[in-house]
Amino acid sequence: MDAFLASPVGQVAITVAHSLAILVPLLIAVAYVTWAERKVLAAMQLRKGPNVVGPFGLLQPFADALKAMFKETVIPTGANRVLFMLAPMITVTLALIAWAVIPVADGWAAADINVGVLYLFAISSLGVYGIIIAGWASNSKYAFLGALRSAAQMVSYEVSIGFVIVTVLLWAGSLNLNEIVRAQERVWFFIPLFPMFVVFFISALAETNRAPFDLPEGESELVAGFFVEYSTIGFTLFFLGEYANIVLMSAMTAILFLGGWQPPLHVEPFTWIPGVVWFILKTAFFVFVFIWVRATFPRYRYDQLMRLGWKVFLPLSLFWLVVTAALLKLTGWLPA
Amino acid sequence: MLAAVAFYAFSAVLIASAAMVVVARNPVHSVLFLILAFFNAAGLMLIAGGEFLAMILVIVYVGAVAVLFLFVVMMLDVDFARMREGFQRYAPVGALVGGVLLVELLFVLGSWRFAPEAPGLRLSPNPGATVGNTEALARILYTDNVLLFQAAGVILLVAMIGAIVLTLRERPGTRRQVIAAQVARAPAETVVLRQVPIGAGLKNIGILRPPPAAEEREALSEPERHGHGGGHH
Amino acid sequence: MMNWTLALPEAALACAGLAILGAGVLPRRHDMFFPISMAVIGALVLAGVLVLGQGDGAALAGQYVSDAFARFSKVLVLIGAALALTLALDFNQTDRDLARFEYPVLILFAAIGMMLMVSANDLMTLYLGLELQSLAAYVLAAFNRDSERSAEAGLKYFVLGALASGLLLYGMSLVYGFVGTTSFDRLAEALTAEHAASLGLVTALVFVLAGLAFKISAVPFHMWAPDVYEGAPTPVTAFFASAPKLAAVALLTRVLTQPFGELSAQWGQVLWLVSAGSMILGAFAAIGQRNIKRLMAYSSIGNVGYALIGLVAAASADPAVRSEGVRALLFYMAIYLLMTIGAFAVLAAMRRRGRPVEEIEDLAGLARSDIGMAVWMLVFMFAMAGVPPLAGFWSKLFVFRAAIEGGYVWLAVIGVLTSVVAAYYYVRIVRVMFFDAPGAAGALDARPASLTVVMAATGLFTALFSVAPGPLLAAAQAAVAAIAG
């Protein structure tokens, strides 16, 4: 058995097993995030939400998926067929492969690589391609406008996300996500880095094109934005990608600022609960906040969105970076 | 062995997509192939152990630079037929330049000899192997190469100043949103509560919009004048 | 070895640049050009003082070097930058677009780039310094953004400059591939030890030379100069023709004599051709020009050709001739810098009813309307033509003497003949000023005081140089001792 595991075939088999162990629960979670969103929004608007398919409407996501899959696929004439089909695949692939480095519990990551944070940052910066390709390949002005808005928005907010991550790295002293979580054993980073935590979460909203920054899809002006021409499978994949990204961003926020799988206090009742549960609870909390924000805030105007990114978040995160570096250096708290 | 397979896979796709960048008829496809090429280059760097560089390549080139490329190429409506015309005309010159460069590279290869220790050094992204690639880079970047680092920073600053100088125009008469002023406005300044008797017109009880400022009146009345003039034709 | 204090002038200038930039941006006013210009001139002077107090040695991991050669060039670069900015003080205020505070700031950053260029002791420092200077220059060329010609100048300069940078980088990467180092010291050691100039290395050297020849606008990489000089605003042209040219020539000198000193037989031949080509083109192409800025562009191409004679002599096997050549080169560039700025001060003063004019005919009858300016222009034109006893005569004499001593007699002959041809168009300008009747358009506007200062300072230097040539010669001698001794 050991010989098999060491052989190239065995290595591939282990990787596949790891991937499945991450992906299957993730996809189920994504399905229930869509359900949870409808339920939470309904509750906030004093409605009931889905309650017909299965108990509490729990089978609703599967019914929706089946419906979407068995409808007719429409590809507009004049669309670039290859790219049109490729775009949703890119979106969903990127949303899924990012999970390779996420540590769901102490040491539980499919790939525990040295530069985990950079990997996450790189993958999330690629998300724009699915959208921009979809917008262009649809050969439709609404889709293209949505794609352009999205590209500009995501590139803008990535800059401040990058600086926020650097401040976290200064405290953690490592690019490895496991190490970053371990560095939060005593204090979760959202306490010393509270402004950065807020900046990160708001930028995460913008990065996932969620309300109040959902201008790329802005129903009232662009119909549905970049995926206005998509139906059935393509639409489902975009949908899947969007919610997988929400879960990913929530997980990232939990890892970078809320101590990932660390319990709040290292005392008896908390330490009984396994790390993976803490991780899921924290991620679920941020997913809830994502939905909560959607129910609460009206959409930003585009120039206000750009202003917020470049004129508020960027200087603020740069300033906080300098402050953090100086503080750590002067107090000698800089991790070795 | 897996590394070897990955190496050949990345290299083959890299070369093929680099060729497609040049050959592809549609410039958008060219840019997408360029992105694929960047990706595979990052993969090769990972195999060589340069993990930091690989990630930065993806973040900077794929995540930001190529997006802007794609942006521009998609917005410009490139006329392929006209590009081809130029291609025919300039092909001999291009071939000549390419040929000269190729011959020079051959010269270079002909007189090339490796230092004995060079092959060993080539694949050592973290010298001494006590620290990771990221830390190894940081150690020389901020110490030995601090001058170059700072000079590069100043170059970027100049590029930024240049971009602003050449493009930013403050048009006279634009009214900018001052968010602080909006937020600082108190309800008492803007809202008046009146008891309106049933059946009374708003004018009768003296509720009017504030009169427009002088220049706005001008701006408002101009299109009207045009409208009257046009009506007679 | 982090003794960064050796690089104090650059560090101080960079910090001053950041502070001045902040001071220009924060007040949100439109009349910051003049105070910011004054601050930049102050910073340049301060940097000059710091340069004079700089010690000898290499610093920052050997990537930066300070020696008499670097200090000599830096002082001249700073003088050139400060004078070019003084020249812009009045000119730029006539146009709302030109009178923006970024103009002096860009000149300051270009000055930092030039200082890094002349202090470079590593191919990477060289490249970054060059790019810093070039990038600022591209923006300056296009600074008058409402003028199509200015935008064209900026774009042309940028595209061709990027191409030249590409050639330079290609050459540098080949050098690195061959020798395995980018440090000048170690390159020099490696090349001495090997003794063999392999074909590949010569190829690399040619690429480096081509990239640098572009930056000094030497034939055959001169094509951009006339268009850029014509299109850019006059003070910007004055800047291009002065400090960056000197810095690039100094850089070229250091690169060729120090790391590639052993390959002098190879680069000597290339430079011979470049020098002869530049002199011939500069002399003949300028004859038909009507636009005086275009004429000055060809004149500056020719002048670079003369200066390079000194560098050709520096390829000689005889050490005495080598140092003679480098000294002649430095001396030539120093005098050229001041003459050119003086001539451009006159060009910047050419305005009629507030609008800049730049045809040679516009100078007609200047002697009647403004005799002072006409006389200064006469001094500069005669000096450029090489009329004794003006400064330009001595500089030409020194390079020709170095060439003859080095056995490059033909080069000296070409130099003398092209000087005679060039004298024709310099003297034509003088004729137009003194003997032609004023045109129908009327006289030029009165010249502003700031330009008078520049004209008088450079003009007095040019005219009275022969009285006390000692200090400049001594400084050039010391500079030579540092690199070609």
Side-chain angles (χ1 to χ4, degrees), chain A residues 6-12 15 80 82-83 86-87 90 94 101 111 113-129 131-133 135-137 139 144-145 147-148 150-152 154-156 158-159 161-162 165 169 173-176 179 301 303-304 307-308 311-312 336, chain B residues 1-6 24-29 31-36 38-39 42-43 45-46 49-77 125-126 131-138 174 176-180 182:
Chain A
S7 72
V9 182
Q11 302 259 309
V12 172
T15 312
N80 186 322
V82 177
L83 291 182
L86 194 63
I90 292 176
L94 288 174
V101 296
I113 61 174
N114 283 338
V115 287
V117 175
L118 288 182
Y119 174 84
L120 274 185
F121 189 49
I123 297 296
S124 70
S125 72
L126 297 181
V128 66
Y129 281 108
I131 292 172
I132 198 170
I133 292 174
W136 184 76
N139 197 20
F144 190 55
L145 281 174
L148 292 184
S150 163
M154 291 173 87
V155 170
S156 308
E158 247 154 48
V159 185
I161 288 194
I165 289 180
L169 296 183
S174 171
L175 296 175
N176 180 302
E179 292 297 325
R301 209 170 63 199
D303 62 317
Q304 291 171 336
R307 177 186 164 278
L308 184 70
K311 289 187 165 177
V312 181
Chain B
M1 195 205 108
L2 271 183
V5 171
R25 285 177 162 270
N26 187 331
V28 173
H29 293 179
V31 178
L32 292 175
F33 277 115
L34 183 67
I35 293 162
L36 189 59
F38 280 144
F39 245 112
M45 281 189 195
L46 274 183
E51 45 195 21
F52 182 77
L53 285 182
M55 290 304 149
I56 290 295
L57 182 73
V58 173
I59 293 171
V60 175
Y61 282 89
V62 185
V65 175
V67 173
L68 298 182
F69 260 30
L70 203 57
F71 223 90
V72 172
V73 170
M74 282 177 175
M75 299 252 261
L76 293 178
D77 207 7
N126 18 345
V131 294
N133 169 247
T134 314
E135 202 173 337
L137 271 175
T174 49
R176 289 173 171 271
Q177 183 182 21
V178 184
I179 290 189
Q182 289 182 344

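Here the structure is a predicted model, which is why all the values come from computation and not from measurement. Chain identifiers are assigned alphabetically (A, B, ...) following the order of the sequence lines, protein sequences preceding nucleic acid strands; residue numbering begins at 1 within each chain. All values below were derived from every heavy atom in this structure, side-chain atoms included, with hydrogens, water molecules and symmetry-related copies excluded.
- Only the side chain of A:L83 comes within contact range of chain B, with at least one heavy atom under 4.5 Å from a heavy atom of that chain.
- With chain B as partner, the option from A:V155, A:V128, A:I133, A:L126 having the largest number of non-hydrogen pairs under 4.5 angstrom is A:L126.
- Of all heavy-atom pairs spanning A:S125 and B:G63, the tightest one is OG-CA, 3.7 Å.
- Here A:E158 contributes atom CD and B:I59 contributes atom CD1; the two are 8.5 Å apart, rounded to the nearest 0.5 Å.
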(request) Kindly determine whether A:R307 and B:I179 satisfy side chain to side chain contact (heavy atoms under 4.5 Å, CB included), including the steps that lead there. (result) CA-CA 10 Å; A:R307 177 186 164 278; B:I179 290 189; 3.1 Å; yes
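- A 4.5 Å side-chain heavy-atom check between B:M55 and A:F121 finds every atom pair outside the cut-off.
- When the side chain to side chain contact (heavy atoms under 4.5 Å, CB included) test is applied to B:F52, the partners found at least two apart in sequence or on another chain are A:L118, A:L175, B:I56, B:N133, B:T134, B:L137.
- Once rounded to the nearest 0.5 Å, the distance linking OH of A:Y119 with CG of B:L46 reads 10.0 Å.
- Within the 4.5 angstrom heavy-atom criterion, no atom of B:L68 approaches chain A.
- The 12-atom threshold is exceeded at CZ of A:F144, counting heavy atoms of other residues, nucleotides or ligands nearer than 6.0 Å.
- Looking at heavy atoms from C-beta onward, B:V67 lies out of side-chain contact with A:M154 at the 4.5 angstrom threshold.
- Proximity to chain A is limited to the side chain of B:I35, based on heavy atoms less than 4.5 angstrom apart.
- Nearest heavy-atom pair, B:F71 versus A:A152, reported as atom, atom and distance to 0.1 Å: CE1-N, 4.1 Å.
- A:Y129 places no side-chain N or O within donor-acceptor distance of the main-chain N or O of B:L32, the cut-off being under 3.5 Å.
- Heavy-atom minimum distance, A:I132 versus B:M74: O-CE, 3.7 Å.
- Within the 4.5 angstrom heavy-atom criterion, atoms from both the backbone and the side chain of B:A66 approach chain A.
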